[in-house]
Amino acid sequence: MVKLYEVAKVIRTKNAGPFKLTIDIFFTNTEFYEKAKNIITKHLISRLYNVSEDFIEGIYFVDSVLGVKITIIKEVPSDDVKTSDVYAAQQHGPLIDLDI
Amino acid sequence: MDEIRVYDVSAQIGYGFPVESLETALKWNPHVLVAQGTSTDAGPYYLGAGTSYTESECVKRDLKLIIKASREFGIPFICSVGGAGADVHVEGVLRLINLISKDLGTKLRIAVVSGEIDKDWLKKKLLSGSKAGRLVNISRLSEYLTIDDVDASVRVVAQMGPEPIIKALDLYFRGEVDGIITGRSLDVGVVAAYPLKFGMPKNLVYHMSKILECGAIAAEPGSSSDGIFGVVNKDYFLVKPPNPRRRCTVTSVAAHSFYERDNPYMEKLPEGYLDVTTAKYIQYDERTVMVSGSRFVPQPYTIKLEGVKLVGFRSISIAGSRDPIFIKKIKSILEDVTEVVKDRLNHIPQDEYVINFRVYGINGVMGQYEPVKNPQPHEVGIIIDVVAKTQEKANSICALVRATLLHHGFEERKTTAGNIAFPFSPSDFPAGPVFEFNIWHALELEDPTEPFKIKVIEFPR
């Protein structure tokens with residue numbers, strides 16, 4: 001078993017507008033990408049991010065670039081007085097230790 | 001024309017770009033120079049406060065190079081400017097253009113397309129039956145935009161599509177202006193306007209524009225402060241960075257469809273959407289990628305409206321703790337402190353202020369998403385964050401929270417001279433007005449140019 005953080009070339013998060021968090025993961029190794037495709041589900045993201053599956057707008061796999069995109073509707077939008085991350089640039093923490 | 005050549009000089013006006021890149025790109029004979037300078041990325045504050053998030057010296061430097069190149073090569077420029085992109089922001093940039101015109105010793109006639117939406121026009125539109133549905137299904141936004149929302153907003157802008165810019169380009173081709181400056185604009189539209197005017201296919205133009213709009217971010221190594229060149233014809237388009245240190249690869253270009261978007265296959269546009277599922281990317285030469293095969297799907301025309309309302313004023317205090325018992329009990333201590341303060345403030349309605357603690361070392365970065373439960377760091381950083389109806393109230397509530405937290409007598413406490421360390425004196429900072437988006441809706445529009453006024457302004461003024 002290896003951790004996602006070790007095998008992904010890029011794990012980044014950002015706003016897609018103030019009301020959505022979008023997570024991009026890119027791989028260089030097809031084997032790890034294919035494994036991630038099987039592991040990353042709405043159920044998993046719901047558990048890792050402690051959000052209801054209804055808030056997970058979509059999970060997309062783009063084989064040609066070995067990329068995964070996960071988009072979550074935020075309960076605390078980035079323009080909310082209680083936001084902790086205006087650009088949503090540091091929201092990848094729950095994925096770091098994911099076993100691939 | 002058989003093909004249209006577009007040079008996008010940078011990811012954002014004010015982020016800078018190498019002069020050499022512009023010089024190289026000019027040798028490739030672009031028909032038009034484009035750059036975007038509007039965004040909501042930096043949050044609702046700038047639209048509400050009417051200030052810019054880019055530094056004016058940097059904006060002036062970038063625009064001066066663009067305008068100078070445009071004059072020397074006899075080609076137009078199309079730039080969206082001003083950050084949040086309302087008239088007050090555009091006016092700030094027009095003042096810079098006035099200085100540029102004087103610096104260059106050249107007269108300039110510019111078509112200025114406003115991105116600000118007149119609130120009375122919008123209310124009339126809604127009253128006459130036009131619908132503006134919210135773009136994201138969250139309870140804070142009205143399902144359909146209301147008159148009250150418009151009244152509550154400080155100002156409203158809309159992302160103009162390419163159509164008002166095409167209208168301004170007609171002025172250019174009649175010899176009446178030298179270039180185009182817009183307020184809030186769809187980034188893709190700034191790039192797409194010129195090739196659309198010359199009849200290039202919408203699927204290719206929009207897809208190329210999507211890749212070009214962030215400058216060299218779609219290249220490898222990527223950069224937000226460098227340019228990228230695009231050539232579109234009836235069958236395909238090519239993208240290439242002029243900077244020899246960068247190249248476009250199939251991966252860098254295809255992966256760009258992920259950037260800041262909720263869906264990597266679909267790009268929403270005013271007149272429909274772009275579907276890149278079937279796109280083909282080919283490495284055309286060492287540094288150029290050739291793209292074809294995406295699909296444009298027409299839909300009823302809508303523009304995206306953005307508006308903010310004032311929610312209060314903020315005051316913060318920054319502190320830290322190094323005490324193991326305090327850190328272990330921090331959650332209940334902060335709850336108790338909030339209760340004590342609320343009790344002291346029982347003369348102020350509770351919905352008139354918000355007390356929020358941000359605890360770095362526990363969950364300061366991720367809040368509700370933080371998966372680590374019960375961490376035991378050796379120290380924590382605390383930001384006391386108060387938002388209230390007026391700045392004075394925010395200041396005084398923040399001071400009260402800070403003093404209460406400093407001396408709060410929790411059980412097992414050993415640090416009886418003070419619970420927290422302040423790095424600064426004074427310890428509290430007024431942070432000014434706080435805004436949030438209350439308009440984030442798509443308005444149906446029959447005429448895509450209707451709300452966007454065009455003025456011709458001569459410089460120096």
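Throughout, a chain's letter reflects where its sequence line sits, starting with A, and its residues are numbered from 1.
From Asp80(A), atom CG reaches atom CD of Glu436(B) across 6.5 Å, with rounding to the nearest 0.5 Å. Here CG of Asp24(A) is found 10.0 Å from CD of Glu260(B). Values are rounded to the nearest 0.5 Å. A distance of 7.5 Å separates CG of Leu66(A) from OG1 of Thr251(B), quoted to the nearest 0.5 Å.
Closest of all the heavy-atom pairs between Lys69(A) and Pro264(B) is CD-CD, 3.5 Å. The heavy-atom pair separating Gln368(B) from Asn50(A) by the smallest distance is O-ND2, 3.9 Å. What you find for Gly17(A) and Trp440(B) is that their closest heavy atoms are CA-CZ2, 4.0 Å. Nearest heavy atoms, Gly364(B) versus Ser84(A): O-CB, 3.2 Å. Of all heavy-atom pairs spanning Asp262(B) and Thr22(A), the tightest one is CA-OG1, 4.4 Å. The nearest pair of heavy atoms linking Arg261(B) to Ala16(A) is C-CB, 3.8 Å.
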Hey, mind stepping through Val81(A) and Arg314(B) against side chain to side chain contact (heavy atoms under 4.5 Å, CB included) and telling me if it holds?
CA-CA 9 Å; Val81(A) 291; Arg314(B) 170 171 275 138; 4.0 Å; yes
Go through the steps to decide whether Asp41(B) and Tyr87(A) satisfy the test side chain to side chain contact (heavy atoms under 4.5 Å, CB included), and finish with yes or no.
CA-CA 7 Å; Asp41(B) 274 359; Tyr87(A) 294 82; 4.1 Å; yes
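Residues Met366(B) and Pro94(A) meet the side-chain proximity criterion, which asks for heavy atoms closer than 4.5 Å. Looking at heavy atoms from C-beta onward, Val365(B) lies in side-chain contact with Gln91(A) at the 4.5 angstrom threshold.
The neighbour count for Tyr144(B) OH, taken as heavy atoms of other residues, nucleotides or ligands under 6.0 Å away, does not exceed 12. Under a cut-off of 6.0 angstrom, the local environment of NZ in Lys268(B) is crowded, with over 12 non-hydrogen atoms contributed by other residues, nucleotides or ligands.
Looking at Phe55(A), there are no atoms closer than 4.5 Å to chain B (heavy atoms on both sides), in backbone or side chain. Only the side chain of Leu21(A) comes within contact range of chain B, with at least one heavy atom under 4.5 Å from a heavy atom of that chain. Contacts between Asn356(B) and chain A at a heavy-atom distance below 4.5 Å involve the side chain alone, from C-beta outward. Proximity to chain B (any heavy atom under 4.5 Å) is restricted, for Glu57(A), to the side chain, taken from C-beta onward. Heavy-atom distances place both the backbone and the side chain of Asn263(B) under 4.5 Å from chain A. Using a 4.5 Å cut-off between heavy atoms, Arg12(A) touches chain B through its side chain atoms alone. Interface remark: Lys82(A) contributes backbone and side-chain atoms alike to the contact with chain B (heavy atom separation under 4.5 Å). Proximity to chain A is absent for every atom of Ile383(B), based on heavy atoms less than 4.5 angstrom apart.
Residue with the most contacts toward chain A among Tyr281(B), Tyr259(B), Phe437(B): Phe437(B) (heavy-atom pairs, distance under 4.5 Å). Interface remark: of the candidates Asp85(A), Asn15(A), Val65(A), Val65(A) forms the most heavy-atom pairs closer than 4.5 Å to chain B. Top candidate by heavy-atom pairs under 4.5 Å with chain A, chosen from Ala254(B), Ala255(B), Ser252(B), is Ala255(B). Considering only heavy-atom pairs separated by less than 4.5 Å from chain B, the leading option among Ile70(A), Val68(A), Val76(A) is Val68(A). When Tyr45(B), Phe435(B), Tyr265(B) are compared by the number of non-hydrogen pairs under 4.5 Å with chain A, Tyr265(B) comes out ahead. Between chain B and the options Pro77(A), Gly67(A), Pro18(A), the largest number of non-hydrogen pairs under 4.5 Å is found for Pro18(A).
Paired with Tyr369(B) under the rule side-chain contact (heavy atoms from CB on, under 4.5 Å), one option of Val51(A), Leu48(A), Thr13(A) passes, and it is Val51(A). Under the side-chain contact (heavy atoms from CB on, under 4.5 Å) test applied with Phe258(B), the options Val10(A), Ile25(A), Val62(A) reduce to a single match, Val62(A).
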